Amino acid sequence: MRVVLLPALAAFACAAGSADGPADGRSADDGSRRELRLSLSTGEAAPTAATPVVLELTGTNDGQASLVLDFPDGQRFDFEVISEGGTVVWHWAEGRFFAQVLGRETLEPGASLHWTGRIETGLPAGAYRVLATLTTVEPRTVEATLTVLPRS
């Protein structure tokens with residue numbers, strides 16, 4: 001399993017004018033930073049061809065204040081699996097429909113949210129780039145590599 005961590009200043013996801021501080025991600029009185037850490041897990045270290053693959057995106061509030069994550073619609077995350085040749089071979093959101101309403105999630109200090117995608121049919125043997133996106137108003141993406149081995 002390959003896990004990639006990406007700290008991101010949560011100001012990009014904080015609601016402007018939130019009640020607990022200014023939109024720049026700093027509290028008005030304590031100067032603390034709010035940080036959202038994204039991580040991507042690709043499941044097994046090296047699955048074999050046609051074995052289901054489970055992808056997990058985790059967002060963790062590493063800051064000292066609540067984070068408000070604003071979403072432009074009902075979608076919260078997305079995954080894309082890209083072959084060595086640059087072709088998207090699996091896209092979680094493809095063919096799905098999402099409510100066209102604004103959304104908001106609050107993440108307390110130390111808390112995490114998890115989103116999972118599962119490729120039931122597995123993937124052919126090869127090396128892939130996996131992109132996981134938190135689809136907030138200003139989306140953020142983390143990347144990992146996934147190697148799928150031939151069947152034994």
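Everything numeric here is computed off the predicted structure, so don't read it as measured data.
Tested against Phe79, the residues Thr133, Leu40, Leu131 include a single side-chain contact (heavy atoms from CB on, under 4.5 Å) partner, Leu40.
Between the side chain of Thr135 and the backbone N or O of Arg76 there is at least one donor-acceptor pair closer than 3.5 Å. No donor-acceptor pair under 3.5 Å is formed between the side chain of Asp62 and the backbone N or O of Arg37. Side-chain N or O atoms of Thr87 include none that pairs as donor or acceptor with a backbone N or O of Val89 at under 3.5 Å. Side-chain atoms of Asp70 do not come within 3.5 Å of backbone N or O of Val137 as any donor-acceptor pair.
Residues Thr58 and Ser112 approach most closely at CG2-CB, 4.0 Å, considering heavy atoms. Taking each heavy atom of Leu123 and Val81 in turn, the nearest pair found is CD1-CG1, 3.9 Å. In plain terms, the two heavy atoms of Gly63 and Pro109 that are nearest each other are O-CB, 3.5 Å. Of all heavy-atom pairs spanning Pro150 and Ala125, the tightest one is N-CB, 3.7 Å. A pairwise comparison of heavy atoms in Ala132 and Leu57 identifies CB-CD1, 3.9 Å as the closest pair. When all heavy atoms of Ala46 and Leu149 are compared, the closest pair comes out as CB-CD1, 3.7 Å.
Counting heavy atoms from C-beta outward, Thr42 and Val53 have side chains that stay 4.5 Å or more apart. No side-chain heavy atom of Leu113 sits less than 4.5 Å from a side-chain heavy atom of Leu134. Contact check for Arg104 versus Val68: side-chain heavy atoms found under the 4.5 Å cut-off. Two residues are said to be in side-chain contact when any heavy atoms from C-beta on lie closer than 4.5 Å; Val88 and Glu94 fail this criterion. Leu146 places a side-chain heavy atom less than 4.5 Å from the side chain of Pro47. Between Trp90 and Thr121, the closest side-chain pair of non-hydrogen atoms is not below 4.5 Å.
A distance of 9.0 Å separates CG of Asp78 from CZ of Arg96, quoted to the nearest 0.5 Å. In this structure, the separation between CG on Leu36 and CG on Asn61 is 7.0 Å, given to the nearest 0.5 Å. Considering OG1 of Thr145 and CD of Glu84, their distance stands at 10.5 Å, rounded to 0.5 Å. Taking CD of Glu143 as the reference point, atom CZ of Arg129 lies at 4.0 Å (rounded to 0.5 Å). Here the CD-CD distance, from Glu35 to Gln64, works out to 10.0 Å after rounding to the nearest 0.5 Å. Atoms OG1 and CG, from Thr60 and Leu38 in turn, are 8.5 Å apart once rounded to the nearest 0.5 Å.
For CZ of Arg151, the number of neighbouring non-hydrogen atoms (other residues, nucleotides, ligands) closer than 6.0 Å is 12 at most.
One finds a salt bridge joining Arg118 and Glu120 here, because a Lys/Arg side-chain nitrogen approaches an Asp/Glu carboxylate oxygen to under 4.0 Å.
Linking Ile, Leu, Val, Met, Phe, Trp and Tyr residues whenever their side-chain heavy atoms come within less than 4.5 Å places Ile119 and Trp115 in a single cluster.
The ring of Trp92 has its center closer than 6.0 angstrom to the ring center of Phe77.
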